[in-house]
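Chain naming here is simple, since letters A, B, ... match the order of the sequence lines and numbering starts at 1 in each. Both backbone and side-chain heavy atoms feed into the values below; hydrogens, waters and symmetry mates do not.
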Amino acid sequence: MLFSSLVFLYIFLPVTLLVYYVINPKLRNSFLFLASLIFFAWGGVSYSLILIISIILNYVIGIQINKRHRRKTWLIAGIVLNLAFLIVFKYTNFIIENVNSAFNWLEIPTVKNPKIILPIGISFYTFQSISYLVDVFRKTNDSQKSIINLGLYIALFPQLIAGPIVRYHDIQKQINQRIHSVDKFQQGIKRFIIGFAKKVIIANTMGYVADQVFALNVDSIVPLFAWIGIIAYSLQIYYDFAGYSDMAIGLAKMFGFDLLENFNFPYVSKSIKEFWRRWHISLSSWFRDYLYIPLGGNRLGNGRTILNLLIVFFVTGFWHGASWNFLAWGLVHGFFLIIERTRFGYILDKLPSFVRSFYTLFIVVMAWVLFRAENLNFAIEYYKVLFSTGSSEFDYFQLIKILNYETIVVFIIAVFGAMGGFMQIKGLLIKLLDITRLSVQKIELLKDLVYVCFMIFVLLYGTGSLVIDSYNPFIYFRF
Amino acid sequence: MKYFKNHIVVFVFFLLIGFFYINQKFTIIKDLDYSENKEKDKRPEMNINRLDYYPNQFESYFRDNFSLRGYFIKYMGWIYRHIWEKSPKPDGVIIGQNNWLYNVDKELDCFNGKRNFNDEQLNIVLHEFLYRKRVLDSMGIKMLVVLHPTKYAVYPENLPPFMNSVPKISSAMQLMNCIKDSSDIKIFYSRDILIAQKKKHDLFYKGDNHWNDLAGYYVAKEIVNQVDLGIPEIPLTKFCTDTIFNSAGNLALMMGNAEEYAETRIKYRLCENDAIPFERFKHIAPENVVYTGEFQKSFKSDNENLPNAVIIRDSFGDALMPYLQNSFHYSTFIWDGWNYGFNLEIIEKEKPDVVIYMILESIIPNIYTNGLSKNWN
């Protein structure tokens, strides 16, 4: 189930919130776990079994790791099992396709591809499960005694499908005891609505533009369209993902949980290194804590640091998707992260701020081509179009679809927001309000009234967009 | 104060997320009337053996029956049109100048020459019509092929500024040139007649991709002339008109706020109409035909001296019916789901004097994909 779907917004969420706050507080975790399973099953009933099996296995292995004997063996078994799930369901098709390509080349009979459908959220809950086992092994936490509570950690619906990836030690206490308050609840609402606006109003609009361009035959894309397409995609992916994280954080707050931030204006970064401190923070922290540091981090000399970074970004690329594109995307980031550790990084630091920003944005946006393209060939051809003088003839019909008042206004808002513009405005408004002689309570009330108007607008506009998308007018109504 | 302000946000949030479901159940506010090109999905039954399908079916049902859906469609349409100044269905409707709406589906590509035949396809379609002509000749039946233009071809000047308004060679022109050059099949492209008349009259609805009854009159008159069976011409003065105010066309409906594009429709009917619906033979619609109710429309006029006709048509044929049904003794109009097939079985039963194929230019490629006879070659 998607947060930005009518069923979630108008059935699942109100019912879940209502029951959660009405029932005996002791039953809240059990109910939330059940609700999370229903939420997950909505995206593929059969795949719920994988999630349930994963929870049971991690519960049993966690208890074994907590015992004194053969702890490392159990940890390795746990990690291997979790990764085996991920590899089977996410990478089998990719592996077989490539093996078959090699077999074809060698003129050996090919293997039948089972065409396994990727279960939603598997990359996220696999990493959370590994985090749990490692934390128990490191004695950061004891193993979870209640399978319901462990299930809730792995499957908690706000973060189940697209993160943030919650590390067990960050949330363990909240599972057993968390604060519910009206203040926290309304903070959650605000955050959820902001996320919903990012997703439905900005990401979907930019996504439409990017889809129009990337759906074209690469031969018929003119440079202007190519640039519009990739910039729109850069904004789409940020607002889609950051919006989803905002919604997850907001929803979690409504149920009393405090999740860690996942994005911090990544497009204002002045280096790729900084970008990864601001982009998908929960993933980069996970890789830092559970892969980069165990590999030795930067403690074993320059050569080993470079190798460790390459490994981390190789895995980061593949984690995002089973295709060579994602691998290339990860390695591009890894490459620039490595060269920023050389003299290039020293020179970069001396350059004016806008040059560093431009350099970072340029690398990030260029790398998104690899992320968005269907395959490497398309990506290469797309790069050629981007940097060609190309034909200036374009289809006006396509142009009005991708460049109109809506896309231009949303684009300006998106760029302004991504650069932290709204935070600056918020700061200015607060200063202005301070100058007025209104009481703190009145200022707070004024802010909330503005916020309520914003919430009504966003929910109604977002709902309207979802409804109108499915509107199918009667073309031949006269008959 | 803090207590109040915290509660106002929470209260409004619950009101918003709870209201639509409650309204769907108890109809506190009644929805607007609106029509769609599908039946609303019914609530799916939960079948334990097909659980994987249930969520999608339920989502579809919930979306189709979402409370106040009509209002959302109307006001989102308004926002798109007046704030964003764009079509709410950019892949479906182009907003031209002076509120002229154009249908995108197939018609834009046709206008831009992107739905043309290659040489092989053109040759196959030519041979299909040669085959039909041969068979009809052997039965003593005349054949006429009429290619109808889209709104783009007749009114390109109302397309948005900067958009190509010069028609490219379309599949209609390709087919007409090919048939004229290679055979004695009678064929004409009705665009030329309409272009000659458009300075005097509006011939297409602004909010619809179809032409109006007046266009139908001029094209039908030319068809009867081309059939060359001595059918008397019916002057326009013999037609009476009915005026329908505030009628929204199919494209206006796609815009969501149909009344803004509502226009007056003038329906033409023969003042002394003597044609009545009459089915000498009942023809069964094939399974792949969408509008089965439109598959067959048969008429009989009193004048037994008039010839009989079988007319293969599409939705554009509607405007021609008042004229044509009074120009033949027995006339049978067949809408075979845009296949424009031979329909030999129907012809063999009806034994008409003439068979007329009326084909919309944007859908001509369907003849190649769906309308070929088994024995065409």
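For chain A, the nearby part of B/Ile79 is the side chain; its heavy atoms alone come within less than 4.5 Å. Both the backbone and the side chain of A/Leu460 come within less than 4.5 Å of a heavy atom of chain B. Looking at A/Ile408, there are no atoms closer than 4.5 Å to chain B (heavy atoms on both sides), in backbone or side chain. Heavy atoms of A/Tyr208 lying under 4.5 Å from chain B belong exclusively to its side chain. The part of A/Leu459 that comes within reach of chain B is its side chain, from C-beta onward, which places non-hydrogen atoms under 4.5 angstrom from that chain. Only the side chain of B/Phe14 comes within contact range of chain A, judged by heavy atoms closer than 4.5 Å. Neither the backbone nor the side chain of B/Leu68 comes within less than 4.5 Å of any heavy atom of chain A. With a 4.5 Å cut-off on non-hydrogen atoms, B/Leu51 touches chain A through its backbone and its side chain both. Of the atoms belonging to A/Gln212, it is side-chain heavy atoms, and not backbone ones, that fall under 4.5 Å from chain B. B/Phe19 does not touch chain A: none of its heavy atoms, backbone or side chain, sits under 4.5 Å away.
More than 12 non-hydrogen atoms from other residues, nucleotides or ligands lie less than 6.0 angstrom from CD1 of B/Ile29. Applying the 6.0 Å contact sphere to OH of B/Tyr53 captures no more than 12 heavy atoms from other residues, nucleotides or ligands.
Your options are A/Thr463, A/Val15, A/Ile400, and the one with the most heavy-atom pairs under 4.5 Å with chain B is A/Thr463. Top candidate by heavy-atom pairs under 4.5 Å with chain A, chosen from B/Leu108, B/Asp91, B/Ile94, is B/Asp91. Of the listed residues (A/Tyr405, A/Tyr47, A/Tyr451), the one with the most heavy-atom contacts under 4.5 Å to chain B is A/Tyr405. Ranked by non-hydrogen atom pairs under 4.5 Å with chain A, the options B/Tyr21, B/Phe13, B/Trp84 are led by B/Trp84. Top candidate by heavy-atom pairs under 4.5 Å with chain A, chosen from B/Ile83, B/Val104, B/Asn56, is B/Val104.
Judged by distance alone, the side chain of A/Asn404 and the main-chain N or O of B/Lys86 form no donor-acceptor pair under 3.5 Å. At least one donor-acceptor pair closer than 3.5 Å links the side chain of B/Asp52 to the backbone N or O of A/Ser46.
Scanning all heavy atoms of the two residues, the minimum distance from B/Pro55 to A/Ala41 falls at CG-O, 4.3 Å. Closest of all the heavy-atom pairs between B/Phe62 and A/Leu6 is CE2-O, 3.5 Å.
Residues B/Leu16 and A/Met455 are in side-chain contact: their nearest non-hydrogen atoms beyond the backbone lie under 4.5 Å apart. Side-chain atoms of A/Phe8 and B/Ile17, non-hydrogen and from C-beta on, never get closer than 4.5 Å to each other.
Taking CG from A/Asp448 and CD1 from B/Ile8, the interatomic distance works out to 8.0 Å, rounded to the nearest 0.5 Å. The CE atom of A/Met1 lies 7.0 Å from the CD atom of B/Glu59; values are rounded to the nearest 0.5 Å. The distance from atom OG of A/Ser465 to atom OH of B/Tyr80, rounded to the nearest 0.5 Å, is 4.5 Å.
A distance below 6.0 Å separates the ring centres of B/Phe66 and A/Tyr10.
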